[in-house]
2 protein chains.
Amino acid sequence: MSELREMLEKDKIKQCPKRYILALTDTLNVISGKWKLPIIASLLHGKNRFKDLQENIEKITPRMLSKELKELEVNSIVARKVYDQTPVLIEYTLTDSGKNLIGLLDAMLDWGLAHRKEVIES
Amino acid sequence: MSELREMLEKDKIKQCPKRYILALTDTLNVISGKWKLPIIASLLHGKNRFKDLQENIEKITPRMLSKELKELEVNSIVARKVYDQTPVLIEYTLTDSGKNLIGLLDAMLDWGLAHRKEVIES
DNA sequence: ATAACTAGTATACTTTTGTATAGTAACAAT
DNA sequence: ATTGTTACTATACAAAAGTATACTAGTTAT
């Protein structure tokens, strides 16, 4: 049984441990906002350069792309690597944690598809 | 293999179908913001009345609680039922879709815990 | 010298999200 | 008539998130 389900068993409602709350809010922060998922999805697709991302993600401004990439880097979701060529090549890649997000994306996709089905059927 | 992983196979990168994007953004909308997860978690715990929720969720104002409950109701995550007693009893419950969110919360929890471990270890 | 390429930054603004504080409505009990 | 109960709403404001538009810096090619 899942950790959460166990925690919620009727006859033994426990306080939600703080580390669970931290883990959940971490996760929410990583995927929240207008551009995080498009960026992560683009990186999963193999679009790794600033310009690739800008072209791949419709209507994102360089300011937002730069801001979000920095935040993802600070949170160890994305790694930034500079290749000293000309013109300079800068490559953004997903860290292991970043790649592991695909499991979460699957869960989101599954819930979203099931929910749409539920809502339409009723 | 997961739908997403399959879609991202290197030699056959497909366009992300629009219904996938819709499903993902639906899901994100349902869990985004400061109060959605606390409210959903409280409802899973069996706190079903406005006042219960207000007491259970630290520092939420009635305005926000009301606003969020309405939005969750519109999106078929929460059902509102009025019992004609005195004083009036109004009960908020999770719909099937709402209850199914627990699987997603588990995935979020797992990723969050694993990520913290990764970051600390490195 | 000018243009073009990559990878951004700067400034000002609008929109969305959330907060603070007070008040309402229906009814019952004292 | 006042107080208490539940379940909210109204108004004004502050903070966070996102947008628009223009500009910079280093390098190479013409």
Side-chain angles (χ1 to χ4, degrees), chain A residues 21 24-43 45-75 77-94, chain B residues 21 24-43 45-75 77-94:
Chain A
I21 294 179
L24 285 169
T25 54
D26 280 359
T27 307
L28 196 52
N29 285 337
V30 164
I31 58 175
S32 282
K34 188 169 177 180
W35 301 112
K36 298 276 174 56
L37 290 189
I39 290 171
I40 290 163
S42 294
L43 290 173
H45 266 288
K47 303 290 182 183
N48 297 109
R49 302 177 63 172
F50 196 91
K51 222 202 165 198
D52 293 339
L53 291 168
Q54 215 183 149
E55 279 164 8
N56 197 237
I57 303 169
E58 284 180 17
K59 299 196 179 175
I60 195 170
T61 61
R63 180 185 190 279
M64 287 310 289
L65 182 53
S66 170
K67 203 170 145 280
E68 299 287 57
L69 284 170
K70 259 176 207 157
E71 207 182 317
L72 290 168
E73 200 193 342
V74 165
N75 291 319
I77 311 304
V78 158
R80 181 181 190 270
K81 196 169 176 185
V82 181
Y83 294 88
D84 224 345
Q85 310 176 349
T86 52
V88 65
L89 167 58
I90 291 167
E91 200 183 57
Y92 295 94
T93 51
L94 290 168
Chain B
I21 294 179
L24 285 169
T25 54
D26 280 358
T27 307
L28 198 51
N29 285 336
V30 163
I31 58 174
S32 283
K34 188 169 178 181
W35 301 113
K36 299 274 174 60
L37 290 189
I39 289 171
I40 290 163
S42 295
L43 291 172
H45 267 288
K47 304 290 182 185
N48 297 109
R49 302 177 62 172
F50 196 90
K51 223 203 165 197
D52 294 339
L53 292 167
Q54 214 182 150
E55 280 164 7
N56 197 237
I57 303 169
E58 285 179 19
K59 300 195 177 175
I60 195 171
T61 61
R63 182 184 189 278
M64 286 310 289
L65 182 52
S66 171
K67 204 171 144 280
E68 299 288 56
L69 284 170
K70 257 176 208 158
E71 207 182 317
L72 290 168
E73 200 192 342
V74 165
N75 291 318
I77 310 303
V78 158
R80 181 181 191 268
K81 196 167 176 187
V82 181
Y83 295 88
D84 225 344
Q85 310 176 349
T86 51
V88 66
L89 166 59
I90 291 166
E91 200 183 57
Y92 295 94
T93 51
L94 290 168

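This one's a predicted model, so the numbers in the text were calculated from it and none came from an experiment. In the text below, chain A, chain B and the rest are named by the order of the sequence lines, each starting its count at 1. We use all heavy atoms of the structure for the numbers below, so side chains are in, but hydrogens, waters and symmetry mates are not.
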N/O (side chain, [X]) to phosphate O (OP1/OP2, [N]) under 4.0 Å:
{"X": "B/Lys70", "N": "D/dT9", "value": "yes"}
{"X": "A/Lys67", "N": "D/dT19", "value": "no"}
{"X": "A/Lys51", "N": "C/dA7", "value": "no"}
{"X": "A/Lys34", "N": "D/dT19", "value": "yes"}
{"X": "A/Arg49", "N": "C/dA7", "value": "yes"}
{"X": "A/Ser66", "N": "C/dG8", "value": "no"}

A/Thr86 or A/Met64, whichever maps to the more 5' nucleotide of DNA chain D: A/Met64
Of A/Ile60 and B/Leu69, the one whose closest DNA chain D nucleotide lies more 5': B/Leu69
Upstream residue (5' side of DNA chain C) when A/Pro62 and A/Val88 are each assigned their closest nucleotide: A/Val88
Sidechain-backbone polar pair: A/Lys67 side chain, A/Arg63 backbone, donor-acceptor under 3.5 Å: no
Touch class at under 4.0 angstrom, heavy-atom based, for B/Tyr92 against every strand present: sugar-phosphate
Sugar-phosphate, base or nothing in reach of A/Leu65, heavy atoms under 4.0 Å: nothing
If you check every side-chain atom of [X], which of [options] has the closest atom?
{"X": "B/Phe50", "options": "D/dG18, D/dA7, C/dA7", "value": "D/dA7"}
{"X": "A/Arg80", "options": "C/dA7, D/dT9, D/dG18", "value": "C/dA7"}
{"X": "A/Trp35", "options": "D/dT19, C/dT6, D/dA7", "value": "D/dT19"}

Residue pair A/Ile90 / A/Arg80: nearest heavy atoms and the distance that separates them: CD1-NH2, 3.5 Å
For A/Trp35 against A/Met64, the heavy-atom pair lying closest together: CD1-CE, 3.8 Å
Check: D/dT19 base within 3.5 Å donor-acceptor of A/Arg63 side chain: yes
Between [atom2] on [N] and [atom1] on [X], what's the gap in Å once rounded to a whole number?
{"X": "A/Ile57", "N": "D/dG18", "atom1": "CD1", "atom2": "C1'", "answer": "15 Å"}
{"X": "B/Ile90", "N": "D/dT9", "atom1": "CD1", "atom2": "C1'", "answer": "13 Å"}
{"X": "A/Leu89", "N": "D/dT27", "atom1": "CG", "atom2": "P", "answer": "15 Å"}
{"X": "A/Gln85", "N": "D/dT28", "atom1": "CD", "atom2": "C1'", "answer": "14 Å"}
{"X": "B/Lys81", "N": "D/dT6", "atom1": "NZ", "atom2": "C1'", "answer": "19 Å"}
{"X": "A/Leu53", "N": "C/dT6", "atom1": "CG", "atom2": "C1'", "answer": "13 Å"}

Close side-chain approach of B/Glu55 and B/Lys47, heavy atoms under 4.5 Å: no
